[in-house]
Amino acid sequence: MDRAKKRAGDRSRTTELLAALRLGRGHMRRSLQEALRSAIQSGELAAGSRLPASRVLAAEMAVSRGVVTDTYDQLASEGYLQVAARSAPIVAAVAQVIQPRPEPAQSRWPIDFVATTPEVALFPRHLWTRAMERALRDAPDATLDYADHRGSLALRQAVSGYLARVRGVRIDPARILIVQGFTQGLDLLCRVLRKRGARTVAMESPSLPPAWSTIRGAGLRLVGRGVDEDGLVVNALSSLHADAIVVTPAHQFPTGAVMAPDRRVALVEWAARNDAFVIEDDYDAEFRFDRQPVGALQGLDPARVIHLGTASKTLAPGIRLGWMSVPAALVEDLRREKGEADSGSPSIDQLALARLVADGDYERHVAKMRQLYRSRRDALQRALALSLPALPVRGAAAGMHILVWLPAGTDDVAISDRAAENGIRVGPLSPMYLTSPARSGLLLGYGRLPEEDIAPAVRSLARVLAAAPAL
Ligand SMILES: Cc1ncc(COP(=O)(O)O)c(C=O)c1O
């Protein structure tokens, strides 16, 4: 194409683009800038195209010339146009961005046995709204500033009292850090331990795979350690050669075992002997149904056990607040690490949670949810006894899920896939093993299943299992 023709084409394209635009009264400059900028970003105005001279464009657009020259100057200063004295601007080369496809809305499963999530539909919105309102109204201005990276003192105080009373944790507010749930607590801890020379962290096998990625992401080697009916297997622990171990003593995830007293003692002794740390994931200790929950391991040795708690199970995962109770020796490193990660957690949310805990609303909500989960657990046990009587169940004493063992050799991943094809979300056990052999099973969460839906849901799952060749 000869140059004159191309220039004419560019000009008419620009004019078309601009003509299509309704310039708002009083917003001409901004409208013109936006139209030109987005045409350049999208490639509609190609790099190298020459725009009309300001006088010409102003006449075509019926705007004052100043509107066009200001627009050209602004876009030149942003790098979208190249301007030279006494010549029309040229469109600069701008990287093209592929338009993202719209994200599909998160669909709900017709039958959802998710094992890691509470009933978010019963989040205490009214209590949270009231606590947020009061927090925002009463907070001094300093609350809105950058603050101590350990988190709000009010929340650290409320949490330390709660943990002492409910979980037997021995902690003072100065050694508590407020974090974005267990996940961030584990991440910060791994990073700090790595900087202090740690190389290897152990976890129970089976355990929560996303936590494996957190540990490895911090540059640490991950090793697995088996669990049985009494929780973590502790004989020959020294063969682990680990600098820390992550455990779920109150309710092993995902088998549901409660760590036996002699093992708790042995584990803490191992940590003291090997200058190692025990990282206690106390994720759902509040939901024990048959008796009072066993107290936190941290109470046995606050200098060796780091206790991590979270609002993800008691309130909702979206709240993204958790707390870690740490030995004095780690406080400063963790405070720095938290500051480097995100400069601190949202302050008003922290104050709202502090209020919920201090006023007793948090504990009342937990007690209410415990009742609800207990009824669901009972309904699930009854339904399993009726529809899948041959399958042994584990971990029913606490939490929000039951583990169902499948016969050895059953492909639980294939069964989970088959269930998904039938609209049932149910997690397979075997991918949660760090050690071999992996056992086969299914995790049946009842956090998301209203009581009346449980029996039909189990019947649907039983139909999927009945059609599986290995059963
Ligand atoms: C075993 C276990 N620990 C901790 C958590 C909570 O993680 P977070 O507090 O980061 O939401 C979960 C959530 O699924 C979990 O299953």
Side-chain angles (χ1 to χ4, degrees), residues 112-120 123 151 155 159 163 167 176-191 201-215 217-218 222 224-225 227 231-232 244-259 278-288 293 296-298 306-325 338 341-342 345-346 349-350 353 362 366 369 373 394-395 398-403 425-429 431-434 443-448:
D112 195 351
F113 283 111
V114 63
T116 49
T117 317
E119 181 59 279
V120 285
F123 175 74
L155 181 55
V159 163
L163 288 177
R167 303 294 303 123
I176 289 187
L177 270 101
I178 303 302
V179 287
Q180 290 189 39
F182 164 78
T183 308
Q184 188 185 41
L186 180 63
D187 181 53
L188 299 178
L189 205 43
C190 287
R191 286 174 197 283
V201 167
M203 259 194 108
E204 295 163 328
S205 174
S207 51
L208 185 73
W212 307 350
S213 316
T214 303
I215 293 168
L222 176 66
R225 183 78 193 186
V227 299
L232 184 82
I245 184 164
V246 183
V247 287
T248 44
H251 186 228
Q252 204 280 325
F253 187 86
T255 65
V258 177
M259 195 183 286
V278 176
I279 301 169
E280 178 175 21
D281 175 5
D282 209 20
Y283 69 108
D284 72 351
E286 286 91 344
F287 299 127
R288 175 97 195 216
L297 198 62
Q298 191 267 5
I306 297 145
H307 177 271
L308 286 156
T310 177
S312 290
K313 309 281 174 167
T314 48
L315 290 175
I319 293 295
R320 301 314 307 140
L321 282 174
W323 39 90
M324 55 200 301
S325 302
K338 169 73 177 162
D342 62 10
S345 294
D349 297 50
Q350 292 185 61
L353 182 57
Y362 181 80
V366 168
M369 296 308 285
Y373 292 138
R394 288 288 174 276
M400 280 166 231
H401 78 275
I402 285 182
L403 173 65
R425 172 156 68 159
V426 61
L429 172 69
M432 297 183 154
Y433 278 83
L434 283 160
L443 273 61
L444 301 188
Y446 42 87
R448 286 278 168 88

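All residue numbers refer to positions in the sequence shown, counting from 1. Order of listing sets the numbers, starting from 1, for every ligand and every atom in it. This structure is a prediction, so every number in the text was calculated from the model and none was measured.
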Which residue owns the protein heavy atom closest to [atom], what's the atom, and how far is it?
{"atom": "atom 2 (C) of ligand 1", "result": "Asp281 OD2, 3.4 Å"}
{"atom": "atom 11 (O) of ligand 1", "result": "Ser312 OG, 2.6 Å"}
{"atom": "atom 15 (C) of ligand 1", "result": "Leu208 CD2, 3.5 Å"}
{"atom": "atom 10 (O) of ligand 1", "result": "Thr183 OG1, 2.5 Å"}

Worksheet item: Which bit of Thr310 gets closer than 4.0 Å to ligand 1, counting heavy atoms only: side chain, backbone, both or neither?
Response: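 Side chain only.
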Discussion item. Below 4.0 Å, non-hydrogen atoms only: which portion of Pro317 touches ligand 1? Side chain, backbone, both or neither.
Written reply: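 Looking at Pro317 and ligand 1, no heavy atom falls under 4.0 Å.
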Discussion item. Give the atom numbers and elements of ligand 1 that come within less than 4.0 Å of a heavy atom of Thr116.
Written reply: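 Numbered from 1, ligand 1 contributes 14 (O), 16 (O).
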Worksheet item: Under 4.0 Å from any heavy atom of Gly181, which atoms of ligand 1 are there?
Response: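 Under 4.0 Å from Gly181, ligand 1 has these atoms: 9 (O), 10 (O).
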Without swapping roles, check the side chain of [X] against the backbone of [Y] for a donor-acceptor pair under 3.5 Å.
{"X": "Thr248", "Y": "Phe253", "value": "yes"}
{"X": "Arg394", "Y": "Leu403", "value": "no"}
{"X": "Tyr283", "Y": "His251", "value": "yes"}

Item to complete: Begin from the C-alpha positions of Gln298 and Asp282 and carry the test side-chain hydrogen bond (donor to acceptor under 3.5 Å, both in side chains) through to its verdict.
Response: CA-CA 10 Å; Gln298 191 267 5; Asp282 209 20; over 6 Å; no
Worksheet item: Between Arg320 and ligand 1, is there a nitrogen or oxygen pair with a distance under 3.5 Å?
Response: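 Yes, Arg320 has an N/O under 3.5 Å of an N/O on ligand 1.
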Worksheet entry | ligand 1 N/O within reach of Phe182 N/O, cut-off under 3.5 Å |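 Yes, since at least one N or O of Phe182 sits under 3.5 Å from an N or O of ligand 1.
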Discussion item. Once side-chain hydrogen bond (donor to acceptor under 3.5 Å, both in side chains) is applied, do any residues pair with Tyr373, and if so which ones, sequence neighbours excluded?
Written reply: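 With sequence neighbours excluded, Tyr373 shows a side-chain hydrogen bond (donor to acceptor under 3.5 Å, both in side chains) to no residue whatsoever.
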Item to complete: Rounded to the nearest 0.5 Å, what's the gap from CD1 on Ile306 to CG on Leu188? Could you check?
Response: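 That separation rounds to 11.5 Å.
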Practice prompt. Quick one: do Leu308 and Glu280 satisfy side-chain contact (heavy atoms from CB on, under 4.5 Å)? Show the steps, please.
Written response: CA-CA 6 Å; Leu308 286 156; Glu280 178 175 21; over 6 Å; no
